[in-house]
Amino acid sequence: MAFDIDEYLVKPGDKVDLSGIDTRSTPFWDPDDKEEGKAHLPDLQQRMESLQELLWAEGRNRVLVVLQAMDAGGKDGTIRHVFEGVNPSGVRVAAFKRPSEKELSHDYLWRVHQEVPGDGELVVFNRSHYEDVLVVRVEELVDEERWRRRFRHIVEFERMLADEGTTIVKIYLHISKDEQKERLQARLDEPNKNWKFETGDLVPRAKWKQYQQAFEDVLSETSTEFAPWYVIPADRKWYRNLAVSEILIQTLDGLDMAYPPPEEGLDQVVID
Ligand code: AMP
Ligand code: MG
């Protein structure tokens, strides 16, 4: 079935109500056909691979993918699956952790700007400048007057990147509180997943509602023509992988890229 990515788009100006978006929904795939859904992913990975090669070969566009979610929301898994097989030369993942002392001694966009993609590059932000209006807001790391102003900075920062040639796609992986519990529990129960468990993750979990509110404001305030947000139902990992792949493929397709023209006279070249 054709995936209509607009289904997930937050239209600029829309007020998002996350409680009204079913985290298990699979509008473009029959949920009973999970195995077929999984088996379809390699086709998308291959298209992703060729589009990314074209992006790199052409060297004209810059692509920024922002990924945000609650803990265990599937950011790492999405990156692993969606970009499986792409040429590592042209793709980079930038993960934003708790800021260092040096980072904290600058404005919050300082560390972010350094990681944006250059010509031909695709960069995935695993967390991003949005943490500065999410965790920073909920944990009250700065006062409200200060974080509120950041919506405006962020929109203008992204406008500048877009004006200068960056295509921006922002994806929020929407999981339910129950699904998070299952995933965190699996990190406790399965020895090879223990390394992923952080007791610190229970703190944001306890403030689930406040985080959902903060995400709703982010989605409502910062989805623009030039840097749109997409909300992906992400309880079902296989569907999430298909949906995120489709969004990136359709976005890259829309760039109308072409391989650079070959050198003149290649047809005369004889290699002895
Ligand atoms: P993880 O993604 O599991 O490696 O965790 C990264 C942690 O860094 C999360 O708890 C984030 O909330 C935190 N973090 C990221 N950016 C910021 C920020 N700007 N201020 C405070 N904490 C942050
Ligand atoms: Mg974590």
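Please read these numbers as outputs of a predicted model, since none were measured by experiment.
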Straight-line distance of [X] [atom1] to [Y] [atom2], nearest 0.5 Å:
X: D132; Y: D107; atom1: CG; atom2: CG; value: 9.5 Å
X: I168; Y: T251; atom1: CD1; atom2: OG1; value: 12.0 Å
X: D4; Y: F28; atom1: CG; atom2: CZ; value: 5.0 Å
X: Q52; Y: L248; atom1: CD; atom2: CG; value: 11.5 Å
X: E216; Y: I21; atom1: CD; atom2: CD1; value: 8.5 Å

Between [X] (side chain) and [Y] (backbone), is there a donor-acceptor pair under 3.5 Å?
X: E58; Y: A258; result: yes
X: S128; Y: Y130; result: yes
X: S245; Y: L44; result: no
X: R24; Y: R236; result: no
X: Q212; Y: K209; result: no
X: D6; Y: L9; result: no

Counting only heavy atoms from other residues, nucleotides and ligands, does the tally under 6.0 Å from NZ of K181 exceed 12?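 No - once you tally the heavy atoms of other residues, nucleotides and ligands closer than 6.0 Å, there are 12 at most.
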Taking atom CD as the centre, does E225 end up with more than 12 heavy-atom neighbours from other residues, nucleotides or ligands that are less than 6.0 angstrom away?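 No, because the 6.0 Å sphere around CD of E225 holds 12 heavy atoms or fewer from other groups.
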Between [X] and [Y], does at least one N-O distance fall below 4.0 Å, as a salt bridge requires?
X: K207; Y: E139; result: yes
X: E121; Y: R62; result: no
X: K196; Y: D76; result: no
X: D253; Y: R47; result: yes
X: R92; Y: E115; result: yes
X: R183; Y: E179; result: yes

Any donor-acceptor N or O pair under 3.5 Å, side chains [X], [Y]:
X: T78; Y: R240; answer: yes
X: S89; Y: W56; answer: no
X: Q185; Y: D189; answer: yes

Which is it for Y239 and F3 under the ring pair (Phe, Tyr, Trp, His ring centres under 6.0 Å) test, yes or no, and what are the steps along the way? CA-CA 11 Å; Y239 186 81; F3 244 90; 5.7 Å; yes
Close side-chain approach of N87 and E49, heavy atoms under 4.5 Å: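 Not touching, per the 4.5 Å side-chain cut-off.
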I'd like to check the side-chain contact (heavy atoms from CB on, under 4.5 Å) partners of E221; sequence neighbours left out, ordered by chain and number.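 K15, F151.
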Only counting residues at least two apart or in another chain, list the ones meeting side-chain contact (heavy atoms from CB on, under 4.5 Å) with Q180.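 Q180: side-chain contact (heavy atoms from CB on, under 4.5 Å) contacts with M70, D71, A72, I175, L184, R205, W208.
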So if I apply the side-chain contact (heavy atoms from CB on, under 4.5 Å) rule between V218 and each of I154, L134, V16, which one comes out positive?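 Result for side-chain contact (heavy atoms from CB on, under 4.5 Å) with V218: L134.
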Plane angle bin for H113 and F157 - parallel if under 30°, tilted between 30 and 60°, otherwise perpendicular: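 Correct class here is perpendicular.
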